[in-house]
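Contents: one structure, followed by commentary.
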Amino acid sequence: MGKKLSLYEIADIIERVSIATLGGKKAHDYGTGDTYTSIEVHTVGYIANCPGCTVTEIAAEWGKTKSAVSQMVKKLKKAGIVRTEADCKDEKLSHLYLTDKGQELDKAHRAFDEHAWQKSIEGLQKNYSSEEINNCFLILRDWLKVIDPSYKNLLEETKSISKNKG
């Protein structure tokens, strides 16, 4: 195996992967004729996987504010991708579902990702086994569960340190 990476090198790699895979806030046509950002289509994918989920659940899962997720859902609703249904016990609570157009976008996005990521995986398979690659992604998935709260706490600590110095 290669050398042991420093924590800074790990952070740098994760940041660069994030930038490379998300492409910033640039919208892309995933094959439907309309353009959506990566976060929008992954929100559509989340709703497809968890029909009836709420803005609060998405925000908690992804470490985003409810306001940010709500704004994005509002945009997707206006585009005819998402529909909402009021909760039968709590009128203030809305459950999210995909429209037919949303289901088409989800299907197109999944096909796009399958094709795009297949090329990346083939490149990795020159140096790593399929099992090693899969294990890497399993670790990253588990790491996401840890990093969101840890990173938020670090930001709060940094703010606190800055205030005490000033």
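All heavy atoms count here, side chains included; hydrogens, waters and symmetry mates do not. Keep in mind that this is a model prediction, so the values were computed, not measured.
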Mind checking the [atom1]-[atom2] spacing from [X] to [Y]? Nearest 0.5 Å is all I need.
X	Y	atom1	atom2	answer
His42	Asp113	NE2	CG	4.5 Å
Ile81	Thr43	CD1	OG1	12.0 Å
Leu140	Asn135	CG	CG	11.0 Å
Phe137	Ile121	CZ	CD1	4.5 Å
Leu98	Gln103	CG	CD	6.0 Å
Asp29	Leu105	CG	CG	9.5 Å

Identify the two heavy atoms, one from [X] and one from [Y], that lie closest to each other, and give their separation to 0.1 Å.
X	Y	value
Tyr46	Trp62	CB-CZ2, 3.9 Å
Val44	Gly102	CG1-O, 3.7 Å
Leu96	Thr54	CD1-C, 4.1 Å
Ser70	Val55	N-CG1, 3.8 Å
Lys77	Thr84	NZ-OG1, 3.0 Å
Thr32	Glu104	CG2-O, 4.3 Å

Checklist entry - Is the CG atom of Leu7 crowded by more than 12 outside heavy atoms at less than 6.0 Å? => result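 It does not: Leu7 CG has 12 such atoms or fewer within range.
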Checklist entry - Taking atom CD of Glu122 as the centre, does the number of heavy atoms from other residues, nucleotides or ligands within less than 6.0 Å exceed 12? => result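 Enclosed.
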Next on the checklist: Using the ring pair (Phe, Tyr, Trp, His ring centres under 6.0 Å) criterion, which residues pair with His95? Sequence neighbours excluded.
Outcome noted: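 With neighbours one apart ignored, the set is empty.
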Checklist entry - Is there any salt bridge (Lys or Arg N to Asp or Glu O under 4.0 Å) pair reaching into residues 30-56, and which pairs are they, with sequence neighbours excluded? => result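 Counting only pairs at least two positions apart or across chains, the salt bridge (Lys or Arg N to Asp or Glu O under 4.0 Å) contacts touching residues 30-56 are Asp34-Lys101, Glu40-Lys75.
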Residues in salt bridge (charged side-chain N to carboxylate O under 4.0 Å, His left out) contact with [X], at least two apart in sequence or another chain:
X	value
Glu85	Arg83
Asp90	none
Glu57	none

Item to check | Any residue meeting side chain to side chain donor-acceptor pair (under 3.5 Å) with Lys74, in chain and number order, not counting sequence neighbours | outcome: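 For Lys74 there are no side chain to side chain donor-acceptor pair (under 3.5 Å) partners, ignoring immediate neighbours.
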Next on the checklist: Taking the ring centre of each residue, are Phe112 and His28 less than 6.0 Å apart?
Outcome noted: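 They qualify: ring centres under 6.0 Å apart.
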Checklist entry - Stepwise, does the side chain to side chain contact (heavy atoms under 4.5 Å, CB included) test hold for Glu131 with Asn134? => result CA-CA 5 Å; Glu131 183 179 1; Asn134 191 62; 5.7 Å; no
Checklist entry - Honestly curious: do Leu93 and Ile47 fall in one hydrophobic cluster under the side-chain, below-4.5 Å linking rule? => result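 No, Leu93 and Ile47 fall in different hydrophobic clusters.
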Item to check | Common cluster, Val73/Tyr97, ILVMFWY with side-chain heavy-atom separation under 4.5 Å | outcome: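 Unlinked, Val73 and Tyr97 end up in two clusters.
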